[in-house]
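All values below come from the heavy atoms of this structure, side chains included, with hydrogens, waters and symmetry mates left out.
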Amino acid sequence: MEFRPDASWPTAVGQTSTTPGMHRDAAPPPTPNAEARRFAALTGRGVLRRAMAALGAYRCIECNREAAELYRDYQRGVLRISICKSCQKPVDKYIEYDPVIILINAILCKAQAYRHVLFNTKINIHGKLCIFCLLCEAYLRWLQLQDSSQNIDPDDLIRYAKEWDFYRMFGIASLEQTSFLVGIFITLWWMRPKMLKTKSDFILLLKALLLSTYGKLLLIPAVIWEHDYTPLCLAFIKVFVLISNSQAIRVTLNLNRLLPWLAIFFGLSLENGVVCLFQKMGWDV
């Protein structure tokens, strides 16, 4: 009689057949699909890591080269920071730093801190931060406008008009910020078209520019603790924001120091053009 491994064994009536060496109540062997799913689950982390490396998800904060991972998990709480293959330094030392230390380094405009925030973290507060900064700037302009007004009539119509003045200042500040960003994008696209050839490049640069305007948050303390040196403080805040914008452009596109400042100069020129247009229309800005 020919023996076939896949043949069923004869059993009595009412009994189920089992293969030799397997208990009757044992679970059936896993199917190929189950084995494939198990293998995919076990190797999913490695596949994801390779995919992120292919997309350049991480960057070395020292040399700006692409990195596959920031650290390696050896299980049981054992972690090791990855070493960059190009510069032989830790890919991102800030992953074990306190956020306050990272913020201080960002205020000092260190390129390593900017690369950590832009490339190696998932911060998506740039939209909310931009709105809040515009509100701060609109409040400062509205407050200066009210100080210059001599009308102290408490009539409801006057208060209503003052409220709309704030909304108008917010709209003007938004248009000025938009013109500033448009001037930067036009300059960079004209000077370095290869660096802004995809939609993701534009989005990343826009995110970097919006995050780098965090210095405008200092407008509120400067207004609350008003002093004789307040105009000087406001000028310093403006310069600090421009320096942060320049560093954000330099880190994002990996440029030298000259081109970002050139782009900022054209952005300021376009912004001042919008301001002059509003002044010719008779609006107080």
If you round to the nearest 0.5 Å, how far is [atom2] of [Y] from [atom1] of [X]?
X    : Y    : atom1 : atom2 : result
Q177 : C133 : CD    : SG    : 8.5 Å
Y97  : N105 : OH    : CG    : 8.0 Å
I243 : I107 : CD1   : CD1   : 13.0 Å
T213 : L211 : OG1   : CG    : 7.5 Å
I237 : C136 : CD1   : SG    : 10.0 Å

In terms of the angle between their ring planes, are Y214 and F240 parallel, tilted or perpendicular, with boundaries placed at 30° and 60°?
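Answer is perpendicular, since the angle exceeds 60°.
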How close do [X] and [Y] get, counting heavy atoms only, and between which atoms?
X    : Y    : value
C87  : C60  : SG-SG, 3.6 Å
V117 : I123 : CG1-CD1, 3.7 Å
L253 : L196 : CD2-CD2, 4.2 Å
L205 : F185 : CD2-CE2, 3.6 Å
S179 : L270 : O-CD2, 3.2 Å
K85  : Q88  : O-NE2, 3.1 Å

side-chain contact (heavy atoms from CB on, under 4.5 Å) partners of I264, counting only residues at least two apart:
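Checked I264 against side-chain contact (heavy atoms from CB on, under 4.5 Å); matches are F180, I184, L242, N245, S246, I249, W261, L268.
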Is a side-chain N or O of N64 found less than 3.5 angstrom from the main chain of R59, in a donor-acceptor match?
no
Under 3.5 Å, is there a donor-acceptor pair between the side chain of Q247 and the main chain of C109?
yes
Checking side-chain polar atoms at under 3.5 Å, does R115 have a donor or acceptor matched by the opposite partner on Q112?
no
Side chain to side chain contact (heavy atoms under 4.5 Å, CB included) between L210 and L181: does it pass, once the steps are laid out?
CA-CA 9 Å; L210 293 180; L181 296 176; 4.1 Å; yes
